[in-house]
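Given the structure is predicted, the values throughout are model-derived calculations rather than measurements. When reading the values below, keep in mind they use all heavy atoms of this one structure, side chains included, and skip hydrogens, waters and symmetry mates. Below, chains carry the letters A, B, ... as their sequence lines are ordered, and counting in each starts from 1.
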4 protein chains.
Amino acid sequence: MANNEKQETIIKAALEVFRNYGYSKTRMADVARKAGVSYGLVYHYFGSKEVLFDTIVNMWWKALYGVLEEQKSSTDDFPKKLVKVVEFFFDTYQDNPDLISIFVTEVSRSSIYRTSRGLEKFKRFFALCEEIMKQGQDSGFLRKDIKPHYLTYIFFGEIEAFISILVLGKEPLNKSRKNRAINAIIQVFLQGARG
Amino acid sequence: MANNEKQETIIKAALEVFRNYGYSKTRMADVARKAGVSYGLVYHYFGSKEVLFDTIVNMWWKALYGVLEEQKSSTDDFPKKLVKVVEFFFDTYQDNPDLISIFVTEVSRSSIYRTSRGLEKFKRFFALCEEIMKQGQDSGFLRKDIKPHYLTYIFFGEIEAFISILVLGKEPLNKSRKNRAINAIIQVFLQGARG
Amino acid sequence: MANNEKQETIIKAALEVFRNYGYSKTRMADVARKAGVSYGLVYHYFGSKEVLFDTIVNMWWKALYGVLEEQKSSTDDFPKKLVKVVEFFFDTYQDNPDLISIFVTEVSRSSIYRTSRGLEKFKRFFALCEEIMKQGQDSGFLRKDIKPHYLTYIFFGEIEAFISILVLGKEPLNKSRKNRAINAIIQVFLQGARG
Amino acid sequence: MANNEKQETIIKAALEVFRNYGYSKTRMADVARKAGVSYGLVYHYFGSKEVLFDTIVNMWWKALYGVLEEQKSSTDDFPKKLVKVVEFFFDTYQDNPDLISIFVTEVSRSSIYRTSRGLEKFKRFFALCEEIMKQGQDSGFLRKDIKPHYLTYIFFGEIEAFISILVLGKEPLNKSRKNRAINAIIQVFLQGARG
DNA sequence: GATGAATGAGTCTTCATTCAT
DNA sequence: AATGAATGAAGACTCATTCAT
């Protein structure tokens, strides 16, 4: 247990430091200092800077996959599924802004993630999204003249743009703003923006 | 003339190196080698790695602002304006993939760009987009129940997601794929994705 | 203890290297090699070349201020005080020739020390000397028609010229030469050089 | 003639730059810019940074040797000779403060001058001084129980300390201050400081 | 004479990582 | 488990100097 506490302290510190400085400019010394432990202990639990970073990033992927799997097999109607997915992003922004910030700024498009391992994560993510989009098409909720992976890009792009704005502006998010944003995303995605 | 040639050689090399390695991992030595010039010459023309990078990034902003200003004051109808904007992104991907790749991976959401100077660039970009969206609302093409800056995020997010996919996958782009993607973006943005 | 030993090893090495090459031509690599430690350890203990140099220079100032404070508050008669001060310079030349060499060649008049911080050190030094000179005037040992700070410059100039000769010539100093030199300085300062 | 003008422009600029930044921190580019000429021209006239510096320093030595030779062979009485020597330093401070500043801060004790060539200059200087001191002893003006080279160090040390104070403080020097300082030096050297 | 573009060796400094205690 | 001293590879940047024009 004691170990786990230390590990979590380190992860919490790393989350904050990676978020504030980015992967490259983050020094292991900063993480250790912020966590209040020695250099060596960070290396004891996490073997390298990269492993530490991956540990954090995997927390994100795991949570995201979880939500997508859940919605994929959910019996909710399609629009409800979309809402759940969008909500996940905004909830994470509220509960763990460091985590989603790191995703947006250091993972989502970052060159540091352009490894085969990094791309795998995205492929799995897009594959899950695509399956949900197919469900939407099959159930008649989505137009069929646009490829499901195109719909995926568009839907994910809308969400990410919103989250990025929040992240870059370090903006707070209250309940009503959150709902307005989610509505805008869902409505424009489904009904379009035309007047 | 001769000067400009060398400078351009260096910029071309930098474009490629920054794109392939990202800002952090790019070494000035790589740029010099790729450009076929000496170490010092890069510093002769561009005072530092940061200046070199900024020079490149500003090429992007200048081009982007140019298109947006043009569309803002154009007399085309609104959907045509949107098409022009989207086309700009895809054309740049074809003509100068290094440039847009750097924008997507190193600028758009990168922590290295989260400086006040960097944010200014984005603000001006979003301000221009917003004005165009307002024109769309005023001319009745866009619904008025969603704030123009929300529409901006959504529209820009859709484009960027597509471009990112191309960039990350280093995918080639022929004419028909390009048109299909542009159509998808415009149609979903305007009419929505519902079946 | 172990730490202090390493730090002192580095300082000893730095003393020698700075003395032999001067601040500008001294390379941190030389210091590390001479100390038998790695490159990074010098930076571990001293953050930069400048800090390392300052550490050394401050050793000198501390010792010098100590002697001057001591003589200022001593109850010895005035000529005795002067002797003590002069002896300090010559003793330091014997015990730590690197230290006083650095003072003479790199600090005393060097342009690298013409910072406000550097000048402060000199001001405090001259202020202490001046107070001792005032004591000499008040006790009737020194003529009153010459300003005490003029007397300071003259006295300090005499000492420094001698020490400089030793330093520049890397001359050894035995007891009798030392006494002869001290005598010459004190006598000429007090009685003058006239025949 | 035109050439000489350019050369002198460069020397004037170099004098100022070397004085303000010191040898190490002075960049040839600074000298060229200050002189209003190109890099290359500085190299055209002076082959290297070292040669440029030596040219300047030799101006000083030449002037100094000139005064000492003159006084050595002058028929003035000894105290008058001393006054002439001291006056030379103070006059130079008034007429060409950059030159004497460079001497004091970059030559007099600087490690960069600890070459055999540099030491030769000093030896010749001290030899000339010593001969004048011997004249003083022979003519009964100076005590004979102190070696002439000791008297040289003391006398030169007094002068240099004064000049250094002026240089380091960048102090202006009017006629009365100058005379007071010269008097103090001569009087204390000859009669001593005792009350 | 005059220019300034071009060169590249030389140095400081950073920081991930190791390992003895 | 925990520490932090120790390592050294890596990389940005400087600047004296050269040389084609």
Please report the distance, rounded to the nearest Å, between [atom1] in [X] and [atom2] in [N].
X: C:Arg33; N: F:dT7; atom1: CZ; atom2: P; value: 14 Å
X: C:Leu52; N: E:dC12; atom1: CG; atom2: P; value: 11 Å
X: B:Gln7; N: E:dA5; atom1: CD; atom2: C1'; value: 11 Å
X: A:Ile10; N: F:dA1; atom1: CD1; atom2: C1'; value: 11 Å
X: A:Phe18; N: E:dA16; atom1: CZ; atom2: C1'; value: 12 Å
X: B:Phe53; N: F:dC13; atom1: CZ; atom2: C1'; value: 19 Å
X: B:Phe46; N: E:dA5; atom1: CZ; atom2: C1'; value: 14 Å
X: D:Tyr21; N: F:dT14; atom1: OH; atom2: C1'; value: 16 Å

Q: Starting at the 5' end of DNA chain E, write a dot or bracket for each base, bracketing those in Watson-Crick or G-U wobble pairs whose two distances are under 3.5 Å and using | for partners on another strand.
A: .||||||||||||||||||||
Q. In terms of the nearest nucleotide of DNA chain E, which residue is placed more toward the 5' end: B:Leu41 or A:Thr26?
A.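 Nearest nucleotide further toward 5': that of B:Leu41.
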Please enumerate all residues that pass side-chain contact (heavy atoms from CB on, under 4.5 Å) together with [X], with sequence neighbours excluded.
X: C:Thr9; answer: C:Ala35
X: A:Thr55; answer: A:Ile11, A:Phe46, A:Val51
X: C:Asp30; answer: C:Val17, C:Arg27, C:Arg33
X: B:Tyr39; answer: B:Met28, B:Ala29, B:Tyr43

Q | Results of side-chain hydrogen bond (donor to acceptor under 3.5 Å, both in side chains) for A:Glu120 - residues two or more places apart only | A |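 For A:Glu120, no residue satisfies side-chain hydrogen bond (donor to acceptor under 3.5 Å, both in side chains) once neighbours in sequence are set aside.
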Q. Should C:His44 be listed as having a side-chain N or O under 4.0 Å from OP1 or OP2 of F:dA6?
A.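 C:His44 to F:dA6 OP1/OP2: no side-chain N or O under 4.0 Å.
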Quick one: which protein N/O atoms are closer than 3.5 Å to N/O atoms of nucleotides 17-21 of chain E? Pair and distance per line, please.
from	atom 1	to	atom 2	distance (Å)
E:dT17	OP2	A:Tyr43	OH	3.2
E:dT17	OP2	A:Lys49	N	2.9

Q. Between the side chains of A:Asn58 and A:Lys121, does any donor sit under 3.5 Å from an acceptor?
A.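 Yes, A:Lys121 and A:Asn58 have a side-chain donor paired with an acceptor closer than 3.5 Å.
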Q: Before accepting this row, confirm whether a basic side-chain N of the pair D:Lys12/D:Asp98 lies closer than 4.0 Å to the acidic partner's carboxylate O.
A: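 Looking at D:Lys12 and D:Asp98, the cut-off is not met.
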(Q) Please compare B:Arg27 and C:Ser38 by the position of their nearest nucleotide in DNA chain F and report the one closer to 5'. (A)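 Whichever sits nearer the 5' end wins; that is C:Ser38.
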Q) What residue pairs, at least two apart or across chains, pass salt bridge (charged side-chain N to carboxylate O under 4.0 Å, His left out) with a residue in residues 38-49 of chain C? A)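 Salt bridge (charged side-chain N to carboxylate O under 4.0 Å, His left out) check on residues 38-49 of chain C returns no pairs.
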(Q) Using the rule given for ring-ring contact (aromatic ring centres under 6.0 Å, His included), can you reason through D:Tyr65 versus D:Phe125, listing the C-alpha separation, both sets of side-chain angles and the distance that settles it, and then say yes or no? (A) CA-CA 7 Å; D:Tyr65 294 156; D:Phe125 163 62; 7.5 Å; no
Q: Select one nucleotide: of F:dA2, F:dA5, E:dA6, the one nearest the side-chain heavy atoms of B:Tyr45.
A: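 The answer is E:dA6.
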